[in-house]
Amino acid sequence: MPLTLHFVSLFLLQAFGHNECPDPGIPLNGRRFGNNFQLGNSISVVCEEGFIKTQGADTITCHLEDGNVMWSGPIPRCEAPCGGHYSGPSGVILSPGWPGYYKDSLSCEWVIEAEAGRSIKISFDRFQTELSYDFLEVHDGPNLLSPMIGSFNGTQVPQFLFSSSNFLYLLFTTDNSRSNSGFKIFYEGENISCFT
């Protein structure tokens, strides 16, 4: 677009009130920062704990493209991932689809790694899977070959579980029918000396 035409477009847009992008909304499981949708302004999104961005950039800007006022991209989407590697001092692990139902035929692996010399404590805030068909296995170590602490399904889980080293491995598998609300698990690193 020639520079003169560009400025004429900008002038017309501002003169007739078309210098604002539509409200992009607030993403599910995320927080939006910025409420000014005028041309040249930006908004950013931060996902809530346990969720990751699966679409979009951290920040989107209201700009002019081909004579139209529009956002520079889609509003980010925040979703619970099917697996991952967690190494923070504490955090949250959610079943995929949380807070809705998880999908059929899943196989999700999470590795929690604490600092060397620390143990990992997990506590179950919510837990509900299809009884006898959808299982969460917890292993005392970094992988599937590590000793199993327990395999859980239905609604019966212990209040707390502890690792004997600085690794825990979780495997969530679901069959091809019927799902449920899944789980919300908190983890945190603990001094091993607390449990010896």
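In what follows, residues are counted from 1 in the order of the sequence shown.
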Any donor-acceptor pair under 3.5 Å from N68 side chain to M70 backbone: no
Check: I120 main-chain N/O paired with S163 side-chain donor or acceptor under 3.5 Å: yes
Single-linkage hydrophobic cluster F183~L106, side-chain heavy atoms < 4.5 angstrom: yes
Side-chain donor-acceptor pair present, Q128, T155, cut-off under 3.5 Å: no
A80 backbone acceptor or donor facing N29 side chain under 3.5 Å: no
Backbone N/O of I75 and side chain of Q55: donor-acceptor pair under 3.5 Å: yes
Linked, directly or transitively: W110 and L161 (ILVMFWY side chains, under 4.5 Å): yes
From E130 atom CD to S177 atom OG, the distance as rounded to the nearest 0.5 Å: 5.0 Å
Non-hydrogen atoms of P76 and P27 that approach each other most closely: O-CB, 3.3 Å
Atom pair OG (S179) and OH (Y101), whose distance is rounded to the nearest 0.5 Å: 7.0 Å
Cationic tip of K121 above F162 ring, under 6.0 Å, 45° of axis: no
ILVMFWY network linking V45 to F37, side-chain heavy atoms under 4.5 angstrom: yes
Intermediate values then yes/no, side chain to side chain contact (heavy atoms under 4.5 Å, CB included), R77 and K53: CA-CA 6 Å; R77 180 179 291 149; K53 282 188 195 72; over 6 Å; no
Side-chain donor/acceptor of D23 to backbone N/O of G25, under 3.5 Å: yes
Close side-chain approach of P96 and C108, heavy atoms under 4.5 Å: yes
Pairwise distance CD1(I149) to CG(L170) - rounded to 0.5 angstrom: 8.5 Å
Same apolar cluster (I L V M F W Y, side chains within < 4.5 Å links), V46/I43: no
Sole candidate of F152, Y102, F135, F127 that passes ring pair (Phe, Tyr, Trp, His ring centres under 6.0 Å) when paired with F172: Y102
Nearest heavy atoms of L131 and G154, plus distance in Å: CD1-CA, 3.8 Å
Separation of C21 SG from H63 NE2 (nearest 0.5 Å): 7.0 Å
Full working for side chain to side chain contact (heavy atoms under 4.5 Å, CB included) between N191 and R118: CA-CA 5 Å; N191 288 325; R118 293 179 75 81; 2.9 Å; yes
Donor on one side chain, acceptor on other, D140 and S164, under 3.5 Å: yes
Derivation and outcome, side chain to side chain contact (heavy atoms under 4.5 Å, CB included), residues I112 and I122: CA-CA 10 Å; I112 307 171; I122 63 172; 4.1 Å; yes
Check: D134 and D104 side chains under 4.5 Å, non-hydrogen atoms: no
Backbone of Y169 reached by a side-chain donor or acceptor of H139 within 3.5 Å: no
Flag, side chain of T174 to backbone of K103, donor-acceptor distance under 3.5 Å: yes
V111/Y86 under side chain to side chain contact (heavy atoms under 4.5 Å, CB included): CA gap, chis, key distance, verdict: CA-CA 6 Å; V111 176; Y86 295 80; over 6 Å; no
Test side chain to side chain donor-acceptor pair (under 3.5 Å) applied to S151 and E137, step by step: CA-CA 4 Å; S151 178; E137 290 181 17; 4.9 Å; no
W71 (side chain) donor-acceptor with P22 (main chain) under 3.5 angstrom: yes
Main-chain N/O of S44 paired to T59 side chain as donor or acceptor, under 3.5 Å: no
Pair T61, S42: side-chain N/O donor-acceptor within cut-off below 3.5 Å: yes
Spacing of L94 atom CG and E49 atom CD [to the nearest 0.5 Å]: 8.5 Å
Closest contact, heavy atoms only, S107 versus T173: OG-CG2, 4.1 Å
More than 12 heavy atoms of other groups within 6.0 Å of F124 CZ: yes
same_hphob_cluster(V157, L168) at 4.5 Å side-chain heavy-atom cutoff: yes
Distance in Å, N143 CG paired with L171 CG, rounded so as to fall on 0.5 Å steps: 11.5 Å
Residue pair G182 / S95: nearest heavy atoms and the distance that separates them: CA-OG, 3.3 Å
